[in-house]
Amino acid sequence: MSSDPTTPTQPLQSPKSPVAPSYPFHREGSRLWERSHLLLGELPSPLPTKRTRTYSATARASAGPIYKGVCKQFSRSQGHGFLIPENGTEDIFVHISDIEGEYVPVEGDEVTYKMCPIPPKNQKFQAVEVILTHLSPHTKHETWSGQIISS
């Protein structure tokens, strides 16, 4: 190696070698970008949503029976609520991603739904494929786009 000052000091790279990006790069599908909103010590929700539920769990729920119930409470800002089953058993959790249709559920709305077990123990269930069948009378309903409609 010569000590000539006109010789470049940069190492030579093969044109076929991959170029490393200068910004943080995560492979597609790694979901690391989704975790950036978490605060120190905060864990992601263990509840499966429509996006995170496995294909087999979705298939089992879709093949299951249809249940009827009434909306007990639903918070659009929190993204979840509870349904009262028609048979009077324990209240069923419902996630915002599992509501089908154009209206945000309110207390008293009649719904149909299917059930899917909540991991890891699969002892409790959540409602999936929730469809509002009858809007509660004399209440204001909001569409997902924010429009208010009186029923």
Side-chain angles (χ1 to χ4, degrees), residues 11 13-151:
Q13 290 185 342
S14 166
K16 293 182 180 178
S17 67
V19 178
S22 61
Y23 55 89
F25 180 81
H26 304 294
R27 67 179 174 79
E28 185 177 340
S30 71
R31 306 183 114 193
L32 285 174
W33 60 271
E34 292 178 352
R35 299 180 199 149
S36 64
H37 71 281
L38 296 177
L39 300 174
L40 185 61
E42 188 178 342
L43 296 175
S45 173
L47 296 170
T49 64
K50 193 179 238 182
R51 290 182 67 192
T52 61
R53 191 175 301 120
T54 63
Y55 176 78
S56 59
T58 302
R60 283 192 302 272
S62 293
I66 297 175
Y67 298 93
K68 290 183 179 182
V70 176
C71 180
K72 176 180 181 179
Q73 172 267 331
F74 188 83
S75 172
R76 181 177 182 169
S77 61
Q78 293 179 351
H80 69 273
F82 292 91
L83 305 177
I84 301 170
E86 188 178 54
N87 61 8
T89 57
E90 185 179 342
D91 293 348
I92 303 289
F93 174 85
V94 60
H95 189 266
I96 194 169
S97 67
D98 290 309
I99 310 269
E100 316 241 338
E102 62 180 302
Y103 295 106
V104 177
V106 297
E107 182 179 346
D109 286 348
E110 294 177 17
V111 297
T112 60
Y113 60 93
K114 296 183 178 186
M115 293 201 316
C116 182
I118 300 174
K121 295 183 181 179
N122 294 331
Q123 293 174 341
K124 293 192 175 193
F125 292 88
Q126 75 179 66
V128 297
E129 298 181 25
V130 178
I131 301 170
L132 277 67
T133 56
H134 187 262
L135 300 179
S136 179
H138 313 297
T139 57
K140 291 183 180 179
H141 282 81
E142 183 180 6
T143 62
W144 293 111
S145 62
Q147 184 179 3
I148 305 291
I149 298 179
S150 295
S151 60

[X] side, atom [atom1]; [Y] side, atom [atom2] - distance, nearest 0.5 Å:
{"X": "Lys114", "Y": "Thr58", "atom1": "NZ", "atom2": "OG1", "result": "11.5 Å"}
{"X": "Tyr103", "Y": "Trp144", "atom1": "OH", "atom2": "CH2", "result": "12.5 Å"}
{"X": "Tyr67", "Y": "Thr112", "atom1": "OH", "atom2": "OG1", "result": "12.5 Å"}
{"X": "Gln73", "Y": "Ile84", "atom1": "CD", "atom2": "CD1", "result": "10.5 Å"}
{"X": "His138", "Y": "Ser150", "atom1": "NE2", "atom2": "OG", "result": "11.0 Å"}
{"X": "Tyr113", "Y": "Glu129", "atom1": "OH", "atom2": "CD", "result": "13.0 Å"}

For [X] and [Y], which heavy atoms make the closest approach, and how far apart are they?
{"X": "Arg76", "Y": "Ile96", "result": "O-CD1, 4.0 Å"}
{"X": "Ala61", "Y": "Met115", "result": "CB-O, 3.7 Å"}
{"X": "Cys71", "Y": "Pro105", "result": "SG-CB, 3.9 Å"}
{"X": "Ile131", "Y": "Glu100", "result": "CG1-CB, 4.1 Å"}
{"X": "Thr139", "Y": "His141", "result": "OG1-CE1, 3.0 Å"}
{"X": "Ile92", "Y": "Pro85", "result": "CG1-CG, 3.7 Å"}

Could you check whether atom CD1 of Ile148 has more than 12 heavy atoms from other residues, nucleotides or ligands sitting under 6.0 Å from it?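 Counting neighbours around CD1 of Ile148, more than 12 heavy atoms of other residues, nucleotides or ligands fall under 6.0 Å, so yes.
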Leu83 and side chain to side chain contact (heavy atoms under 4.5 Å, CB included): which single residue from Val111, Asp109, Val70 fits?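 Going through the options one by one, the only one that passes is Val111.
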Output yes when a side-chain donor or acceptor of Thr143 lies under 3.5 Å from a complementary backbone atom of Glu102, and no otherwise.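 It does not hold such a pair.
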What class does the angle between the rings of Phe82 and His80 fall in, given that below 30° is parallel, 30 to 60° is tilted and above 60° is perpendicular? perpendicular
